[in-house]
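Scroll down for the structure; my scribbles are underneath it.
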Amino acid sequence: PSGSSTTTSLNITIAGSDVQFYKYKIRDNSVSACTSSADYSSAVAVGTLIYDSIAGLADGPIELCFIGQDSAGNWQTEAAASTATWTKDTTAPVASVSGQPASPSNATTLNITIAGTGVTQYKYKIRVSATTACSSSSSYSSAIAVATPISNSISGLADGTIELCVIGRDAAGNWQTEATATTVSWTKDTLVPAASLSGQPTGTNNTASLNVSSRGRAPMPIRAISPRWFRFSSIFVVATLRRASSTLASPCRIFRFSS
């Protein structure tokens, strides 16, 4: 193996000019240095590959030390041992998500960034209640470079809960499992409310102050006004209702009564 590797079973060939036999040891921080004669194997014919399992070794730097013997019986010294090193990495990364819509939100286009320690690629899916769960491998995208944001349109999805599922991959090739997928969710709400009023005076009326209530889906308060400042035969109350979660407002509703 080279660099960062998920390999847990070795398949290594030893060779060299006139090398007939070799000894080796595989070491992490718990095994003696290559320069020490301790922990080397017995002599192995040069045509025999190293097939050892390293599944039991912790993730981190791994070093292979080996020395050769020629046909005259001369052994390469441990002080001059040949070495190969790599990093064992079998730990999956965890993707992180930022830039998702607030909840609730009337956003119909996404601009979401994926990151995470060691994450170089990711897969994702956007789901509603009728689609497969994040823990299912179906419906995920192909692998995408982590520098590429998610910019999907969700205008075709119905209002309600939307969930984004993301799994990350590191440089060694370890994938975050679907069972441990990173998830974020929000409520899509693009329904425009409708304003209505109650408590307003009717007909010809000498009311000196108003106490008008608004009604509608997620109503906002309407400020009372005093008609004594007006010198007209009729008063109009114009109500535009806007939910705190939305930049959308209903069309103006105009209510008329006489003063």
Side-chain angles (χ1 to χ4, degrees), residues 1-12 25-31 33-34 49-65 83-105 107-154 156-157 160-188:
S2 60
S4 293
S5 173
T6 61
T7 299
T8 56
S9 295
L10 302 181
N11 185 4
I12 297 175
K25 62 179 170 183
I26 301 165
R27 63 177 299 273
D28 56 13
N29 292 333
S30 66
V31 177
C34 293
L49 277 61
I50 299 175
Y51 286 122
D52 296 46
S53 170
I54 57 172
L57 298 181
D59 281 9
I62 304 288
E63 185 173 32
L64 172 66
C65 320
T83 63
T85 59
W86 66 94
T87 300
K88 179 186 175 186
D89 180 2
T90 59
T91 302
V94 177
S96 63
V97 177
S98 62
Q100 69 272 20
S103 187
S105 171
T108 57
T109 301
L110 302 180
N111 185 13
I112 296 176
T113 300
I114 307 301
T117 302
V119 174
T120 59
Q121 293 180 308
Y122 68 93
K123 298 179 182 179
Y124 75 98
K125 64 179 170 182
I126 300 167
R127 62 175 300 272
V128 294
S129 58
T131 55
T132 58
C134 292
S135 57
S136 169
S137 60
S138 65
S139 304
Y140 274 91
S141 68
S142 56
I144 300 169
V146 75
T148 306
I150 298 172
S151 55
N152 297 53
S153 170
I154 56 172
L157 298 181
T161 301
I162 295 179
E163 186 173 32
L164 172 67
C165 321
V166 181
I167 57 175
R169 179 188 185 273
D170 63 17
N174 298 297
W175 275 103
Q176 183 178 356
T177 66
E178 291 85 359
T180 61
T182 302
T183 65
V184 294
S185 60
W186 65 93
T187 299
K188 179 186 176 186

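Heads up: numbering here begins at 1 and tracks the sequence.
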Could you go through Ile162 and Val128, starting from their C-alpha distance and side-chain angles, then the distance that decides it, and tell me whether this counts as side-chain contact (heavy atoms from CB on, under 4.5 Å)?
CA-CA 5 Å; Ile162 295 179; Val128 294; 4.2 Å; yes

With a 4.5 Å limit on heavy-atom distance, are the side chains of Thr85 and Ile62 in contact?
no

For Thr108 and Lys188 the tightest heavy-atom approach is CG2-CE, 4.4 Å

Donor-acceptor contact below 3.5 Å, side chain Gln176 vs main chain Ile167
no

Quick one: does Thr182's side chain get under 4.5 Å of Tyr122's, heavy atoms only?
no

Residue set satisfying side chain to side chain donor-acceptor pair (under 3.5 Å) with Glu163, at least two apart, ordered chain then number -> Arg127

What is the distance from atom CG of Asp59 to atom CG of Asp28, rounded to the nearest 0.5 Å?
11.0 Å

What are the two closest non-hydrogen atoms of Ser136 and Ser138, and how far apart are they?
OG-OG, 3.0 Å

Pairs touching residues 140-152 that satisfy side chain to side chain donor-acceptor pair (under 3.5 Å), sequence neighbours left out
Tyr124-Asn152

Exercise: identify the closest heavy-atom pair between Ile114 and Val146
O-CG2, 3.1 Å

Report yes if the side chains of Val94 and Thr180 come closer than 4.5 Å at any heavy-atom pair, otherwise no.
no

Would you check if Leu64 and Ile50 make a side-chain contact, meaning some heavy-atom pair closer than 4.5 Å?
yes

If I compare all heavy atoms of Cys34 with all of Thr83, which pair ends up nearest, and what's the gap?
SG-CG2, 3.6 Å

For Ser9, enumerate each residue passing the side chain to side chain donor-acceptor pair (under 3.5 Å) test, keeping only those at least two apart in sequence or located in another chain.
none

Can you confirm whether Ile26 sits close enough to Leu57 that some side-chain heavy atom of one is under 4.5 Å from a side-chain heavy atom of the other?
yes

Do the non-hydrogen side-chain atoms of Leu157 and Ile126 ever get within less than 4.5 Å of each other?
yes

Could you tell me whether the side chain of Lys25 and the main chain of Ala33 form a donor-acceptor pair under 3.5 Å?
yes

Thr7 side chain near Lys88 side chain, heavy-atom distance below 4.5 Å:
no

Exam field: side chain Ser103 to backbone Thr187, donor-acceptor pair closer than 3.5 Å
yes

Rounded to the nearest 0.5 Å, what separation is found between the CD atom of Gln100 and the OG1 atom of Thr113?
10.0 Å

Compare all side-chain heavy atoms of Pro93 with those of Thr117 and state whether any distance is below 4.5 angstrom.
no

For Arg27 versus Cys65, what's the shortest heavy-atom pair and its separation?
CD-SG, 3.6 Å

Start with the C-alpha distance between Asn11 and Tyr51, add both sets of side-chain angles, then the distance that settles side-chain contact (heavy atoms from CB on, under 4.5 Å), and finish with yes or no.
CA-CA 5 Å; Asn11 185 4; Tyr51 286 122; 3.4 Å; yes

The test is side-chain hydrogen bond (donor to acceptor under 3.5 Å, both in side chains); show your working for Thr131 and Lys125 and say whether it passes.
CA-CA 10 Å; Thr131 55; Lys125 64 179 170 182; over 6 Å; no

Is a donor on one side and an acceptor on the other found under 3.5 Å between the side chain of Asn174 and the backbone of Asp89?
yes

Grab the two heavy atoms, one from Thr90 and one from Thr6, that are nearest each other, plus how far apart they are.
CG2-O, 3.7 Å

Candidate list Val119, Thr120, Ile144, test side-chain contact (heavy atoms from CB on, under 4.5 Å), partner Arg169, passing option:
Thr120

